[in-house]
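Accompanying notes for the structure given below.
Just so it is clear: chains get the letters A, B, ... in the order the sequence lines come, proteins before strands, and each one is counted from 1. In what follows, every heavy atom counts, from backbone to side chain, and hydrogens, waters and symmetry copies are set aside.
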2 protein chains.
Amino acid sequence: MPERRVRPTIHDVARRAGVSATTVSHTFSGKGVVAAATREHVREVARELGYRPDAVARGLRNSRLGVLALVLRPLETLDSFLPEGVDYFLRFAGQAALAAMQLGYGLMLVSDPTQESSPSAALACDGFLITEPVQGDPLVRMLIDERIPFLTVGRDPANADYDTWIDTGTTQMTYEVLRHLTEAGASRVALVTGTDRNSWNIDAENAYRAWAADRGQEPLVVHQPETAGESGGSAAAHELLRAASPPDAVYCLTGRHAAGLLRAVTERGYTVPGDIRIVAGSDSEHSRSTTPPITSVDLGPELLARVAVTMLVNRLESLDRPIPPGDLHGRLIVRGSTA
Amino acid sequence: MPERRVRPTIHDVARRAGVSATTVSHTFSGKGVVAAATREHVREVARELGYRPDAVARGLRNSRLGVLALVLRPLETLDSFLPEGVDYFLRFAGQAALAAMQLGYGLMLVSDPTQESSPSAALACDGFLITEPVQGDPLVRMLIDERIPFLTVGRDPANADYDTWIDTGTTQMTYEVLRHLTEAGASRVALVTGTDRNSWNIDAENAYRAWAADRGQEPLVVHQPETAGESGGSAAAHELLRAASPPDAVYCLTGRHAAGLLRAVTERGYTVPGDIRIVAGSDSEHSRSTTPPITSVDLGPELLARVAVTMLVNRLESLDRPIPPGDLHGRLIVRGSTA
DNA sequence: CTGAAAGCGCTAACAG
DNA sequence: CTGTTAGCGCTTTCAG
């Protein structure tokens, strides 16, 4: 490996400028008081030398690296080769990175740092963003214990010890979907959820059960691992069609389950949306490109990400930057599978 | 802001284990020689205390943070609110992050670190990945000068001083698209490129001009800024239709230009693909959801990202991990706009 | 095989 | 306003 050229240090600048290292430090950190003339001179010399403060050394002193960590929980349960159907997380990550940049931070994608295997740089981040923490999430626990600032998108369903989470409005959206299905002519709606114990799955199932109870209906719920993808959807289809009173509408929380279910019921000769209406809880390539395309919930990850980053940075810096306005609760995109 | 709980340091472990800090350091870095029994004991104590080496302090000594930086060049010229139609970069970033994780690295999304405004942590990264560097890219220059390992996806068209770049096969793909259009019945093909001076735009235009010259045809090229999006596509349409001999096929390198162009020509009463065939050089939501859907090149960012990360880490560690196999040159997805 | 000592580049006190 | 001093947590000679 080629040796890195030695970057000029604060001492090089100090010597060349005829001042002390402290003065250089102060002119760059803006902390101490430096005469305007001195400051100008130091800046000038630094520019000549190509000096830039070293973030690592700086971070060592003030434990502030200028980096936010992003943990995309559900990605960790997914296969290594990122399948289609996870638009949500990529859109979230991309937007979060941009927002962080604009606030002067880097955004690092990391896997769970409670795992020994994770890059140790993860622990050095200034704050954490966690999407859809799982029930009793060990990372949330650790961050609380270590007093590291963090924010979760969706809450840890088993942890009441923190309030730094963003409500993604799953309950409300579930009712909206159920209403939509009813209006589209469905009389018996089933639910297919994933098996991760996160608030998304849990809140949706609770809302569904409450709704069913309200209507005096027997709830019809199937669980399939998120990782099962389309074949999980197809398995759910078989299970549902065997039921005592089979559904005429299915709400699948994941796009891949929905796509698999659509294919399975179609192959069995049912028409969609004639015999069975289908809605996906997360919009994705998978839901758009089927025949018919699947009515889906667009969770609006872009806005969610911007809001989350802004809130976290506000916490980090005890500031009050305005939170980007807008509805965090997603919207239903009606397509052929229910229309 | 709450004060962080003090993490145990190497000294805490040393004291508790009755050894010196050096020994602890050695057992964790694997560098020196430590008796097996001692090593076990130290590990044990460290576990009790919840000790994990501090990546920042460690990085200070050996300038190795365990983090890869990813610079998505074209994103920087885009509006802050990430528009639809940039699937490519998000898919690339997501996959790169996963690949990096699996090799024990974090992946940090950063903006150009030659800019003063960028988070200074950016400079501390061990290696850089740059997608589509621009002509005479200042970041590439800087990385060469500073001897920081890097890899570009697409080359810097004006910099022959490095060979650590991945060929995305733009030239070859351009010919493939032109052939496809010809086979679809086109006799006069125009090209719409972006204005960023990167190898993607440049190679495509060169290939197109060579192809036109071969056929003794007058080339018909329009440039529109990437940022212009759909309205850029619509502007291109107006320009092309005014031409002395208007095209019966258009190859738009960006998905958003293609979508705008499709709309504009349709509004003017042309049929697609009857009167005009359209191909987009980059697959995206925009190209899929139009009527008709637009034939597009899927650049395969997932594989590109995995290959790039693996190659970069190999360089960093002077290793020879196998490069994920597969064709890096993208594939054409034929849709209604040419069929 | 183990440990003492000397920093990596920077910043936080505190004196001048 | 500026400089001196003393480390942050870890690694690295180099002697035992």
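Atom NE2 of His41(A) is separated from atom C1' of dC1(D) by 17 Å (rounded to the nearest Å). The separation between Arg15(B) atom CZ and dC10(D) atom P is 12 Å, rounded to whole Å. One atom, CD1 of Ile10(B), and another, C1' of dT11(D), lie 8 Å apart when rounded to the nearest Å. Distance, Arg39(A) CZ to dT2(D) P: 10 Å, rounded to whole Å. Rounded to a whole Å, the CG atom of Leu65(B) is 13 Å from the P atom of dT11(D).
Geometrically, Arg43(B) engages Phe28(B) in a cation-pi contact, judged by NZ or CZ lying under 6.0 Å from the ring centre and within 45° of the ring axis. Judged by the 6.0 Å distance and 45° axis criteria, Arg73(A) is not positioned over the aromatic ring of Phe89(A).
Arg58(A) has a side-chain polar atom (N or O) that falls below the 4.0 Å cut-off from OP1 or OP2 of dT11(C). Residue Thr9(A) places no side-chain N or O under 4.0 Å from the OP1 or OP2 atom of dG9(C).
Defining each end axis of the helix from dC1(C)-dG16(D) to dG16(C)-dC1(D) as the rotation carrying four pairs' C1' atoms onto the next four, with five pairs an end, the two axes are found to diverge by 30° to 10 degrees.
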Atom pairs, protein N/O to nucleotides 12-16 of chain D N/O, distance under 3.5 Å:
{"from": "dT12(D)", "atom 1": "O4", "to": "Thr22(B)", "atom 2": "OG1", "distance (Å)": "3.3"}

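Between the side chain of Arg147(B) and the backbone N or O of Asp145(B) there is at least one donor-acceptor pair closer than 3.5 Å. Panel note: side chain Asp156(B), backbone Pro133(B); no donor-acceptor pair is recorded below 3.5 Å. Ser29(B) contributes a side-chain N or O that, together with a main-chain N or O of Ser25(B), makes up a donor-acceptor pair within less than 3.5 Å. A distance-only check finds a donor-acceptor pair linking the side chain of Asp126(B) to the backbone of Val67(B) [under 3.5 Å]. Not a single donor-acceptor pair under 3.5 Å links the side chain of Asn198(A) to the backbone N or O of Glu132(A).
Within 4.0 Å (heavy atoms only), Val19(B) reaches sugar-phosphate atoms of the nucleic acid but no base atom.
Annotation: proximity of residues 49-57 of chain B to DNA chain D (heavy atom, distance under 4.0 Å) is found for Tyr51(B), Pro53(B), Asp54(B), Ala57(B), numbered in ascending order.
Of the listed nucleotides (dT2(D), dT2(C), dC8(C)), dC8(C) has the atom at the smallest distance from the side chain of Leu60(B). Closest contact between the side chain of Ser20(A) and the listed nucleotides dC10(C), dT2(C), dT4(D) involves dT4(D).
Counting only N and O atoms by type, the side chains of Arg155(B) and Gln135(B) include no donor and acceptor under 3.5 Å apart. Under the 3.5 Å distance criterion, with hydrogens and angles disregarded, no donor-acceptor pair is assigned to the side chains of Thr131(B) and Tyr88(B).
Remark: Thr310(B) OG1 to Gln102(B) CD distance equals 9.0 Å, nearest 0.5 Å.
Screening Phe150(A), Phe128(A), Trp165(A) against Val140(A) for a side-chain contact (heavy atoms from CB on, under 4.5 Å) leaves a single residue, Phe150(A).
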